[in-house]
Amino acid sequence: LPTFFQQNITLTKNKIREGVKRDDLIMQAVKNIEDIEKAANSFAKRLRDWISLYLPELDENITKHEKLVDLFLEKSKKELMKELEIKESMGTDLAEKDLKPMKNLAKKIQDLYKTKESQEKYIEEVMQDICPNTLQVAGPIVGAKLLVHAGSLKKLAVMPSSTVQLLGAEKALFRHIKNKRAKCPRHGVIINHPLIACAKQKDHGKIARHLAAAISIATKVDYFGGEPTKGYELREKLEKAFGKKERESKIEDKETSENKDTKLSEGKQELPDKEVRSTKTSEAKASVPEQSQSKPVTLSQPEQKKEENK
């Protein structure tokens, strides 16, 4: 019995060792990036509240946390005031011993952003080895998050495109199933894809369907074996179908805004012509009663009889 028990333990250990794949490494790296983002955002909010006592104008003018941290570490208060074109600041002047803990926190936040960038590069390298087609179609972060929600590359390859489209929106989907008044979600994790993020709101559903279909094809090619260049073809088709439309829509929006501006400027220039027209119409109205007085007044027959009786 002890030998049989030990053999079972060794077999289970070997299976566990063989069960660890590179998909698991990608999933852990993505979860690590999410934790880093949460920690960096919470620390950056605290740093903003701290900087608002020292230089509140910097907090108001710069929205990105990473840029704010870099400027605060690289430049002094006078240099920042020159860049922001501020003569006098509402913040108080602090000594170096008071600025030191603030700079230490800023350095920690900067280190977090650097580790996030390194993790993203690592994910891209691993996905290039495991699933290059999925990487080309979905991108490193979106593709890795799809793997996390699916569980593995095998499960993602078996899923239909409609399921891939809604991965990450399970709560909204079940809310719609329970209550039909709630709207059905159009996309899940793939909303962060640049084709959907840059498109108009009305085109999100159409692009999400085509994108999910391309991702499902790419994952099947990666898992079951195929050409590693299939992802480039799928990405080119998507960009031809939707990338040009997005650019044309942006160009049309710019042209319409420019036309509105030109019309407004032309309207401002045509104001004196309108005044001349208004004066002409007023003169014409004034001349109408004079013409009516010169004409003889014609009375009807009953009115003529009344005057004769008088």
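As the structure is a prediction and not an experimental result, all values here were calculated from the model.
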Review point. Under 6.0 Å from the CD atom of Glu227, do we count more than 12 heavy atoms belonging to anything else shown?
Key: no

Practice item. Answer yes or no: are there more than 12 heavy-atom neighbours, outside Phe43 itself, under 6.0 Å from its atom CZ? Key: no

Of all heavy-atom pairs between [X] and [Y], which one has the smallest distance, and what is that distance?
X: Leu68; Y: Asp59; value: CD1-CA, 4.2 Å
X: His176; Y: Ala182; value: ND1-O, 2.7 Å
X: Lys103; Y: Phe72; value: CG-CE2, 3.8 Å
X: Glu120; Y: Ile141; value: CG-CD1, 3.8 Å
X: Ile215; Y: Ala138; value: CD1-CB, 4.0 Å
X: Lys87; Y: Met81; value: O-CE, 3.4 Å

Looking only at atom types and distance, does a side-chain atom of [X] sit under 3.5 Å from a main-chain N or O of [Y], one as donor and one as acceptor?
X: Lys155; Y: Ala150; value: no
X: Asn179; Y: Arg175; value: no
X: Glu124; Y: Gly139; value: no
X: Glu170; Y: Gly168; value: yes
X: Asn14; Y: Thr10; value: yes
X: Gln110; Y: Asp70; value: no
X: Asp23; Y: Leu147; value: no
X: Asp203; Y: Ala199; value: no
X: Asn192; Y: Ala197; value: no
X: Asp24; Y: Val20; value: no

Group every Ile, Leu, Val, Met, Phe, Trp and Tyr by side-chain heavy-atom contacts under 4.5 Å, then state whether [X] and [Y] land in the same group.
X: Ile51; Y: Ile86; result: yes
X: Leu25; Y: Leu156; result: yes
X: Leu80; Y: Leu94; result: yes
X: Leu112; Y: Tyr122; result: no
X: Leu73; Y: Leu71; result: yes

To the closest 0.5 Å, what do you measure between [atom1] ([X]) and [atom2] ([Y])?
X: Ile130; Y: Ile123; atom1: CD1; atom2: CD1; result: 11.0 Å
X: Gln136; Y: Met127; atom1: CD; atom2: CE; result: 10.0 Å
X: Asp93; Y: Leu99; atom1: CG; atom2: CG; result: 9.5 Å
X: Gln7; Y: Ile9; atom1: CD; atom2: CD1; result: 11.0 Å
X: Ile207; Y: Arg209; atom1: CD1; atom2: CZ; result: 10.0 Å
X: Lys154; Y: Asp222; atom1: NZ; atom2: CG; result: 16.0 Å

Review point. Could Lys77 and Tyr54 be counted as a cation-pi pair, given that NZ or CZ must be under 6.0 Å from the ring centre and within 45° of the axis?
Key: yes

Run the salt-bridge test on [X] and [Y] with the 4.0 Å N-O cut-off and return the result as yes or no.
X: Arg46; Y: Asp49; answer: yes
X: Glu117; Y: Lys121; answer: no
X: Lys230; Y: Glu233; answer: yes

Check your understanding: Where do Thr115 and Asp111 land on the side chain to side chain contact (heavy atoms under 4.5 Å, CB included) test, with the steps shown first?
Key -> CA-CA 6 Å; Thr115 53; Asp111 292 336; 5.5 Å; no

pair [X]-[Y]: side-chain heavy atoms closer than 4.5 Å:
X: Ser89; Y: Glu57; result: yes
X: Cys131; Y: Tyr223; result: no
X: Ile196; Y: Leu211; result: yes
X: Ser216; Y: Met159; result: no
X: Val137; Y: Asn133; result: no
X: Asn32; Y: Ile36; result: yes

Check your understanding: Given the rule in the salt bridge (charged side-chain N to carboxylate O under 4.0 Å, His left out) test, do Glu239 and Arg235 qualify, once you have shown the distances and angles that lead to the verdict?
Key -> CA-CA 6 Å; Glu239 287 179 352; Arg235 185 63 183 260; 3.4 Å; yes

Practice item. With His204 as reference, evaluate His193, His210, His187 under the ring pair (Phe, Tyr, Trp, His ring centres under 6.0 Å) test and give the passing residue. Key: His187

Check your understanding: Would you say the side chains of Arg48 and His65 form a donor-acceptor pair under 3.5 Å?
Key -> yes

Study note, to complete from the structure: ring pair (Phe, Tyr, Trp, His ring centres under 6.0 Å) filter on His149, not counting sequence neighbours, yields none

Revision key, fill the gap. Going by chain and number, the hydrophobic cluster around Ile177 (ILVMFWY, side chain to side chain under 4.5 Å) further includes Leu166, Leu173, Phe174

Check your understanding: Does the pair Gln201 and Arg186 meet the rule for a side chain to side chain contact (heavy atoms under 4.5 Å, CB included), with working shown?
Key -> CA-CA 11 Å; Gln201 189 70 26; Arg186 292 180 291 178; 2.8 Å; yes

